[in-house]
4 protein chains.
Amino acid sequence: MARKRVGNKRERIIAAAAKLFGEKDYHDTTTAKIAESAGVAAGTIYIYFRSKEELLVAVFEEFLGRHMDRLREGVEREKTPRDKLMRLLTLGLELMEDNPDSARIFLSQLRQSTKMITVVVKRSSRAYKDIIEEILTECARAGVCRDVNVPAASSMLFGAFQNTVLDWVAHECSYSLTDLSGDLSEFVLHGICCESTEEKGAVQ
Amino acid sequence: MARKRVGNKRERIIAAAAKLFGEKDYHDTTTAKIAESAGVAAGTIYIYFRSKEELLVAVFEEFLGRHMDRLREGVEREKTPRDKLMRLLTLGLELMEDNPDSARIFLSQLRQSTKMITVVVKRSSRAYKDIIEEILTECARAGVCRDVNVPAASSMLFGAFQNTVLDWVAHECSYSLTDLSGDLSEFVLHGICCESTEEKGAVQ
Amino acid sequence: MARKRVGNKRERIIAAAAKLFGEKDYHDTTTAKIAESAGVAAGTIYIYFRSKEELLVAVFEEFLGRHMDRLREGVEREKTPRDKLMRLLTLGLELMEDNPDSARIFLSQLRQSTKMITVVVKRSSRAYKDIIEEILTECARAGVCRDVNVPAASSMLFGAFQNTVLDWVAHECSYSLTDLSGDLSEFVLHGICCESTEEKGAVQ
Amino acid sequence: MARKRVGNKRERIIAAAAKLFGEKDYHDTTTAKIAESAGVAAGTIYIYFRSKEELLVAVFEEFLGRHMDRLREGVEREKTPRDKLMRLLTLGLELMEDNPDSARIFLSQLRQSTKMITVVVKRSSRAYKDIIEEILTECARAGVCRDVNVPAASSMLFGAFQNTVLDWVAHECSYSLTDLSGDLSEFVLHGICCESTEEKGAVQ
DNA sequence: AATGAATGAGTCTTCATTCAT
DNA sequence: AATGAATGAAGACTCATTCAT
């Protein structure tokens with residue numbers, strides 16, 4: 001149980017940090033407030049994390065680790081590259097809708113600098129992009145995709161996705177994010193794949 | 001000449017701030033360093049700006065004010081909505097490529113919080129979005145556009161654009177940004193408009 | 001002992017502040033110097049006091065809290081209003097003589113402004129005046145006192161007292177303050193009460 | 001006229017300083033605000049005064065110089081020492097009532113430190129005390145006065161006077177100060193001179 | 001004499017981090 | 001492992017004073 005308590009503490013700190021970093025921002029959140037919110041002493045944070053910066057990184061990794069699997073899993077259950085792409089976007093929006101705090105960090109802090117953070121964040125968000133690029137490459141190979149510049153397209157897709165979520169957060173999550181699933185999918189599918197209503201009609 | 005000196009100082013401070021905010025980030029940039037880099041005394045900043053925060057806002061507005069007109073102008077010179085959209089994206093990339101410092105701020109700081117900043121930034125970036133939404137609405141009316149959710153599409157488009165620039169910045173501006181003009185235009189045009197010569201031909 | 005250490009620090013800061021505020025004045029005393037003089041780090045002050053201003057207030061309250069009881073107690077031990085008045089003045093001078101630093105603050109800072117301070121100081125010195133007015137009222141009721149305007153007389157009495165101490169402080173405490181006890185008592189007693197053995201005898 | 005303008009400026013600066021020092025306090029009043037209120041440029045102050053401190057001194061001296069003569073004159077017009085004392089107090093209160101701003105400085109700033117100021121202030125208020133001591137000595141010689149310690153009594157008298165005015169200022173000058181003339185005179189006369197209503201009756 | 005933009009030393013305060021218990 | 005009092009470096013901002021015009 002003592003062991004459990006320990007794990008408990010690390011988790012509680014990460015959870016508190018995620019909440020607070022999301023509410024304010026990295027610089028406006030003090031380690032003191034995180035400790036208080038996590039119900040631990042100020043010094044305790046430094047037993048689990050070397051620095052405040054490392055805590056932020058841990059928050060990211062926790063977020064990614066927790067969701068990336070679900071994402072990859074969901075994607076792989078689909079058969080066609082096209083469906084995979086759709087599933088990726090839909091699941092992504094669902095994930096964000098369920099974790100507004102994490103979403104906030106993912107989006108806002110993603111663009112803060114300070115060397116170390118930047119580096120780690122790049123590495124972390126790399127995971128996301130990897131999935132995207134994988135699918136796009138698959139699409140390209142399958143011929144369902146126009147001959148796009150994969151990294152560029154992946155970046156655009158990611159940007160479109162991010163901004164959709166960002167707007168939702170900026171509007172204080174006052175509407176359903178998953179309702180935009182269709183709009184986003186359509187935008188992306190048309191932007192990347194050679195599909196359109198006309199073609200669908202043609203298929204019939 | 002005295003007049004010039006004065007204007008000069010304000011400008012130099014803004015320029016120095018733009019450079020430094022872009023290199024590091026708002027919190028890692030001290031007013032002392034800005035002053036030094038601008039070649040003025042520490043206190044001088046506070047003759048022209050009420051606070052560090054207000055200086056950041058000024059940097060934004062300077063950036064927008066300087067470019068928004070060129071953007072709007074270039075767009076309006078085009079005839080068809082489709083060409084307008086293309087021109088918007090192309091010009092946007094050109095602008096960013098020519099002002100990497102401003103670009104950095106525009107992209108990174110855009111997502112920082114602190115009430116006041118957020119408010120002003122929203123107002124500022126509103127200008128950008130207004131242009132986009134205008135064009136999209138025009139496209140919709142002209143029928144060259146699928147029946148999209150204009151604000152949502154606009155947000156996605158903006159995100160795709162931003163991320164394209166962000167990647168470029170993250171790669172230390174080591175390649176030509178405008179070279180991606182074609183990729184971006186195509187992505188957006190397909191994503192939003194119901195056109196593409198190849199497909200049209202294919203349908204027939 | 002840990003408990004003692006803590007209390008010790010707060011006390012040491014207050015003592016150091018009392019000393020320095022007395023020597024220079026509020027604005028010429030830096031928090032850095034107070035910390036140094038108290039043998040603590042600069043930041044430690046802010047663990048115990050929210051601001052420099054609040055520290056000043058604490059110094060006052062410490063002073064009043066420490067002495068007011070002794071004063072009130074001594075006064076109440078006396079039987080006649082006249083003796084109470086004398087005891088008040090005598091004890092007051094003794095108190096000041098024993099705590100020159102506190103005396104300095106009590107006298108000099110008492111007349112500084114800045115809203116918050118003013119308010120608290122008014123409240124604090126109110127305690128002093130309350131005792132005085134109480135006694136005067138008692139005197140009036142007992143008929144040993146001319147028909148004076150109590151608040152006005154109290155104010156004059158307080159002023160006479162204060163200035164006596166102030167002069168002593170201005171002369172660098174180079175003479176015995178309590179030696180003036182007689183002069184002050186006589187001044188006040190004649191000024192307020194209708195008595196003096198000599199005169200009474202003379203009248204007859 | 002140019003000459004007059006100059007004199008005008010010095011005066012305007014002193015007047016503005018008197019007003020502002022009275023409203024806030026020395027440290028809360030910036031030279032910038034004084035300049036603005038006086039309708040001159042910031043640098044102009046330093047043509048007439050070597051420093052802010054020297055300006056404060058000038059304000060005092062202006063105040064004293066302007067009133068001391070009236071005071072001394074009024075006092076000398078009286079015949080008996082007792083009347084002189086009364087006139088001194090009455091005139092003093094009138095002066096204060098007519099110049100609340102100056103009064104405020106006279107009272108509050110009088111007790112601020114910073115070496116130089118203290119020194120000059122001592123010298124300045126010396127003038128006041130000189131008049132008082134003069135009269136008291138005269139009283140003593142004439143036998144209308146108990147055998148008091150003249151400097152001590154003078155100090156008490158001054159304190160009683162000051163505090164009476166201070167209370168008035170603290171109550172925002174909301175009542176008539178000169179109305180207290182009687183109370184103050186009586187307090188002082190009884191406190192120092194061997195006079196009282198009973199005695200007056202006895203004399204007859 | 002007058003201006004007012006510019007200066008830069010000086011201050012309060014915050015907060016990540018440490019360490020004795 | 002946990003605590004939380006203590007640290008002290010760092011930073012935004014103010015303002016008396018100067019000086020080129």
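Naming: A, B, ... by sequence-line order, numbering from 1 per chain.
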Closest non-hydrogen contact found for A58(A) with R10(A) is CB-NH2, 4.4 Å

Winner on side-chain proximity to A41(A), out of dT3(F), dA6(F), dA2(E), is dT3(F)

When rounded to whole Å, the CD to P distance for the pair E53(C) and dT11(E) reads 17 Å

In short, A17(D) meets V59(D) closest at the heavy-atom pair CB-CG2, 3.8 Å

Rounded to whole Å, the CG-C1' distance (N8(D) to dA2(E)) equals 14 Å

Practice prompt. Report yes or no: does N99(D) contribute a side-chain atom to a donor-acceptor pair with the main-chain N or O of D101(D) at less than 3.5 Å?
Written response: no

Separation of dG10(E) atom P from H27(C) atom NE2, nearest Å, is 18 Å

*Quick one: does NZ or CZ of K52(C) land under 6.0 Å from the six-membered ring centre of Y46(C), within 45 degrees of the ring axis?*
no

Check: Ignoring hydrogens and geometry, is there a side-chain-to-backbone donor-acceptor pair from E54(C) to R50(C) under 3.5 Å?
Finding: yes

Atom CG of L56(C) and atom P of dT13(E) are separated, to the nearest Å, by 12 Å

Rounded to whole Å, NZ of K24(A) lies from P of dT14(E) at a distance of 15 Å

On DNA chain E, more 5' by nearest nucleotide between K52(C) and A42(D) is A42(D)

E11(C) backbone acceptor or donor facing Y48(C) side chain under 3.5 Å: no

Of the candidates dC15(E), dT3(E), dT3(F), the side chain of V40(A) sits closest to dT3(F)

Review point. For dT14(E), does either OP1 or OP2 sit under 4.0 Å from a side-chain N or O belonging to Y46(C)?
Key: no

Result for 5'-nearest mapping on DNA chain E, choosing between K33(C) and G43(C), is K33(C)

Discussion item. So does V40(A) get a backbone contact from the side chain of T44(A), meaning a donor-acceptor N/O pair under 3.5 Å?
Written reply: no

5'-most contact on DNA chain F (nearest-nucleotide basis), R50(B) vs I47(C), goes to I47(C)

Practice item. May I ask you to verify if any side-chain N or O of T44(C) is less than 4.0 angstrom from the OP1 or OP2 atom of dT7(F)? Key: yes

Taking five pairs at each terminus, the helix from dA2(E)-dT21(F) to dT21(E)-dA2(F) shows an axis bend, to 10°, of 10°

T31(C) vs dC12(E): side-chain N/O to OP1/OP2 distance below 4.0 Å: yes

task: Verify the contact: side-chain N or O of Y48(D) to OP1 or OP2 of dA2(E), cut-off strictly under 4.0 Å; return yes or no.
output: yes

Whole-Å distance, I45(A) CD1 to dA5(F) P, equals 15 Å

Atom CD1 of I34(B) and atom P of dT7(E) are separated, to the nearest Å, by 15 Å

**Q.** Under 3.5 Å donor-acceptor, K9(D) side chain and G39(D) backbone
**A.** no

Here the distance between atom C1' of dA6(F) and atom CZ of R12(C), to the nearest Å, is 11 Å

For dA1(E) and K9(D) - does any side-chain N or O of the residue sit under 4.0 Å from the phosphate oxygens OP1/OP2? no

